[in-house]
Amino acid sequence: MIDLGATRRKLQRAEAVPGRLGQVWRAVRRLARAHPDRTPWLTPFVAVMDNDPALIAHARRGIADYLRGAAEQGSAGYLFNIWCFAFPHCRWALWFDLLRRGGHYTPEEADELAAQFLLIQHRDHHAGLLVKPYPECVDNQAASLCLSSLVVGTLFADTPGHGHLARFLREEAALRLEAMIGGMPRSGYSGEGSTYQGLIVAFAVPFLVEMLERMRGRDLFDQPLPPRGTSARDILLMTSRLWMPGGLLLPWDDYGYQFGIAAPLAYLAHRTGDTPMLRLLEHAVNWSRLNIDSAGWGFDHAVWSLVWWPLPEQPAPDVRWAGWASDEVGGALCDPGGRRYALQMWDPTGAMCTRAQVNPNSLILEADGVPLCADGTPDSKRDPLQYPGAVYERNFGAGAFQRMNLSKGCGGSHNAILVDGNEALRPSDRYELSRLEAFDAAAGSITGDVTGLYRDVYADCQRMRRRTRLVQDRFWLVEDLARFAHEHDLTSRWWFRPGVTAVPGGVDLVTPEGERLQMRVLVGSGAAQVRRVDGYPLAPDGCSDRVDYALQGREARWLWLLWPSATRCERERLDRGWRAQPAPRGADRPALEQAAGKSFDLEPGALPWMQADVPVEESWAFAREVAVPADGAWYLRLPRGLGTSTRLWINGEPVEIPGPQERRELLQPFVACPAHARGCARVRVLLCLEYEVGQSGKNDRACSKPDLSAALCVDDPAAVGVRSAAYADGTVTVTTTTGETLAVPHALMP
Amino acid sequence: MRLTTDLPTFVRIDRFFDPATPLDDLLAALTDDNWQIQQAALQALGQRPDARAVPAIVALLDRQDALPLYGAPDQWSLDGAPDADTKEIWRCRFRVKQAACHALGAIGAAHGAAALGAKALERLATYATSQKDDYCTRAAACQSLGRCRAAAARPALELAAQDGEWCTKTEAGKALAALG
């Protein structure tokens with residue numbers, strides 16, 4: 001699976017040219033060399049690439065530690081979630097094989113360790129595979145279990161012993177292999193949300209397809225595979241669509257907004273040479289999380305990115321975003337610059353709406369890189385969503401009973417239409433598929449028909465459609481049509497990030513980042529009921545503002561104007577001019593200010609050891625002076641990825657960084673000018689970050705996305721808002737705060 | 001009943017899957033102290049279905065059923081720290097029963113349900129709906145009843161098809177379809 005010679009040559013070349021691949025490789029290598037025992041998932045690869053005896057000794061110890069721990073496993077968490085350990089077992093076996101092939105074990109040692117890998121696979125994981133109904137079960141769990149039996153059985157089929165057990169494992173898994181790709185839905189979307197699609201299913205695809213091709217002896221990447229005709233490319237392409245321009249994955253399941261990993265994109269680039277994938281790798285991935293994000297329940301995604309990532313002839317130009325649509329799951333509208341992004345979704349679900357949720361035509365909006373809508377999982381301590389009837393109970397046997405609150409997955413938790421106040425909207429197990437009615441990327445229009453889902457619950461539903469338009473790459477028009485045979489109470493529900501106020505004819509949202517969304521009702525009821533929901537979703541804000549518009553009748557039609565605008569702008573990008581120094585952990589300000597050690601010209605917006613060959617230390621202090629408006633009307637925008645240990649001083653005084661931990665991790669905090677700095681034309685900023693140099697814990701990790709450095713920001717006097725908007729005679733007329741008038745033809749849906 | 005992952009254990013298990021290994025060696029392994037040896041022998045029996053193995057498999061299931069209700073909440077907290085013996089029983093859990101069900105299913109598929117005898121069939125039907133067993137055992141029992149085309153198990157399979165757990169429900173549905 002890893003061509004040692006070719007990979008080594010590629011990485012050597014990458015070091016010699018500008019570009020992200022070389023930068024990531026250097027960072028991985030520096031981290032593993034500095035902390036080999038704290039980075040066990042990185043060390044074997046680096047050790048073999050560099051053929052370094054000291055690192056190889058660490059890698060051998062890491063493998064031995066892994067096997068010792070795995071042999072002792074037996075907790076409930078292990079046995080009830082065995083797939084979470086099977087896929088890592090497979091990769092540890094690959095790392096061991098890498099060292100074995102490099103001649104770093106004697107034959108006797110190698111036999112002993114191979115036997116242990118096989119016995120653990122047989123004892124713990126293979127039985128888990130056999131539980132999964134074949135061929136019906138195609139999901140992250142089955143793929144993980146299939147891979148581990150297949151890879152371990154293949155690697156050790158010749159030695160030790162006579163290979164009988166290895167072949168038993170391999171052959172039972174091989175039967176299922178093709179279906180792990182071909183049995184995925186044709187859209188390529190597993191239905192399990194961004195977390196499982198992006199961090200597990202798609203991460204497994206390269207392993208699956210490589211093993212399948214090895215078995216069949218031919219290229220199968222683009223081949224539609226049985227039983228559903230899905231190809232590996234379909235799955236990876238869908239995975240690339242989970243990325244929003246702001247750098248987060250779609251909150252397309254109950255885990256909500258989060259960062260993605262690059263390995264699936266790297267493999268797609270490797271197999272296709274697609275420039276868009278190279279651009280994503282270069283510009284959209286948060287590489288500062290290379291050692292801490294779990295993918296396939298392990299921490300080696302950066303290594304696999306390095307393995308698959310093709311070295312481009314020259315650094316890829318910036319990302320050009322584009323819309324897409326899939327009949328089965330939804331579609332997105334986006335301008336090329338990624339300033340305006342909307343996803344309209346209707347992916348299949350059933351009564352058990354845990355990961356695949358009930359989101360008929362729900363919208364996710366992002367503007368200027370800032371998410372506007374709320375979706376995700378509630379804070380488990382508060383669990384504010386308690387819809388009547390949204391409970392599922394099941395018995396795993398032997399005393400393992402589960403009672404689940406499904407409210408977060410129901411229609412009432414998404415931007416959808418509710419009927420007669422039924423927030424627990426969820427279809428039965430079988431219902432007519434929702435579908436794409438129309439999509440025109442050039443015109444910026446998408447229409448989804450979800451009548452089938454509603455008809456499954458309300459027999460008299462005749463039509464349920466939503467059309468979303470991106471107009472002039474500036475704003476959205478959204479039209480809803482709900483038609484029933486009988487009269488109902490119909491509610492258009494929206495979940496926004498906190499910061500909503502009701503205004504005549506709609507609502508205004510201003511996010512903590514200063515992104516404004518003006519929502520105006522052009523057709524339909526404009527009386528908005530706004531309610532703060534504390535505890536949902538957990539990320540990024542720990543709360544949301546729920547907006548309901550109600551109508552009564554057999555038919556409801558709404559036409560909305562959604563006008564985003566950034567109310568703050570950068571005055572100065574603070575990506576240079578910092579004095580950066582390693583600092584003692586927990587040091588107080590005077591100690592940080594007076595540290596006498598060597599300082600470096602680094603910025604806090606990326607890992608220090610990704611920027612230069614510097615000590616891989618956990619704690620770093622960044623200091624610089626910033627010229628600011630003396631009237632105090634400014635904000636310090638910090639990098640994202642800040643942990644609870646981040647400390648900030650302005651002019652020597654400690655300043656609190658606003659927002660909950662989840663928001664500081666995902667989005668850039670804005671720190672308003674503190675009272676003590678008003679009147680100053682220059683301020684001294686001291687920022688202390690605690691980085692994670694191991695593969696656990698929750699220390700700070702700044703974001704390496706290039707356009708998200710720290711910056712000095714001010715309120716944007718040129719921000720254009722809506723002064724008035726109306727719909728008449730087939731035309732939407734918008735007058736802006738600058739006096740500009742826009743007339744947009746819009747024919748209502750039949 | 002301590003578990004090992006050493007080379008001698010491996011060599012022994014590896015040999016079970018060698019078609020040349022005598023049946024008696026596999027049957028003898030069903031009474032081994034190490035449950036992983038039992039599990040491997042059962043899986044190997046599933047690879048070379050022989051009706052002569054049925055009484056030994058049923059006897060093994062008798063012993064398994066006599067073990068404590070290892071998953072019962074009053075004996076085992078899902079988050080608790082177990083002693084070594086409990087941990088070993090916990091590790092074993094469904095694995096031996098699952099392998100036994102699959103072995104019986106393979107024998108029934110090869111030689112017909114009658115070759116299993118009433119006791120083995122009854123045991124499979126009981127497991128198919130047993131809420132005190134792991135769903136993995138229930139699913140394996142349903143699958144095996146389907147492979148045997150055990151018509152007498154239809155009522156149990158119909159009940160299992162209503163199981164709240166997906167693997168069990170799916171296997172029961174497939175088994176009912178196999179019965180026609």
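Evaluation of the salt bridge (charged side-chain N to carboxylate O under 4.0 Å, His left out) rule for A:Asp97 yields A:Arg100, A:Arg101 as partners, not counting sequence neighbours. A:Lys132 meets the salt bridge (charged side-chain N to carboxylate O under 4.0 Å, His left out) test with no other residue; sequence neighbours excluded.
In this structure, A:Phe80 and B:Asp134 have side chains that are in contact, with non-hydrogen atoms separated by less than 4.5 Å. Counting only heavy atoms from C-beta outward, the side chains of A:Val131 and B:Phe94 approach each other to under 4.5 Å. Between A:Asp124 and B:Arg95, some side-chain heavy-atom pair lies under the 4.5 Å cut-off.
No donor-acceptor pair under 3.5 Å is formed between the side chain of A:Arg123 and the backbone N or O of B:Gln36.
Along residues 15-28 of chain B, the residues that come nearer than 4.5 angstrom to chain A, judged on non-hydrogen atoms, are B:Phe17, B:Asp18 in order of number. Proximity to chain A at a heavy-atom threshold of 4.5 Å picks out B:Gln98, B:His102 from residues 98-112 of chain B, in numerical order.
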Check the pair B:Trp166, A:Glu136 against side chain to side chain contact (heavy atoms under 4.5 Å, CB included), reporting the backbone distance first and the verdict last.
-> CA-CA 11 Å; B:Trp166 183 79; A:Glu136 293 82 3; 4.1 Å; yes

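Residue A:Glu172 touches chain B through its side chain alone, counting heavy-atom pairs closer than 4.5 Å. Proximity to chain B (any heavy atom under 4.5 Å) is restricted, for A:Tyr392, to the side chain, taken from C-beta onward. Using a 4.5 Å cut-off between heavy atoms, A:Gln73 contacts chain B through its backbone alone, with no side-chain atom that close. With a threshold of 4.5 angstrom between heavy atoms, A:Leu113 does not approach chain B through any atom at all. Heavy atoms of A:Ile82 lying under 4.5 Å from chain B belong exclusively to its side chain.
Of the listed residues (B:Lys174, B:Gln143, B:Glu171), the one with the most heavy-atom contacts under 4.5 Å to chain A is B:Lys174.
Using a 3.5 Å distance cut-off with no hydrogens or angles, the side chains of A:His126 and B:Gln43 do not pair a donor with an acceptor.
By the neighbour-count criterion of 12 heavy atoms within 6.0 Å, atom CZ of B:Arg149 is sparsely surrounded, having that number or fewer from other residues, nucleotides or ligands. Annotation: A:Asp383, atom CG; neighbour count of heavy atoms from other residues, nucleotides and ligands within 6.0 Å is above 12.
A pairwise comparison of heavy atoms in A:Leu165 and B:Asp14 identifies N-OD1, 2.8 Å as the closest pair.
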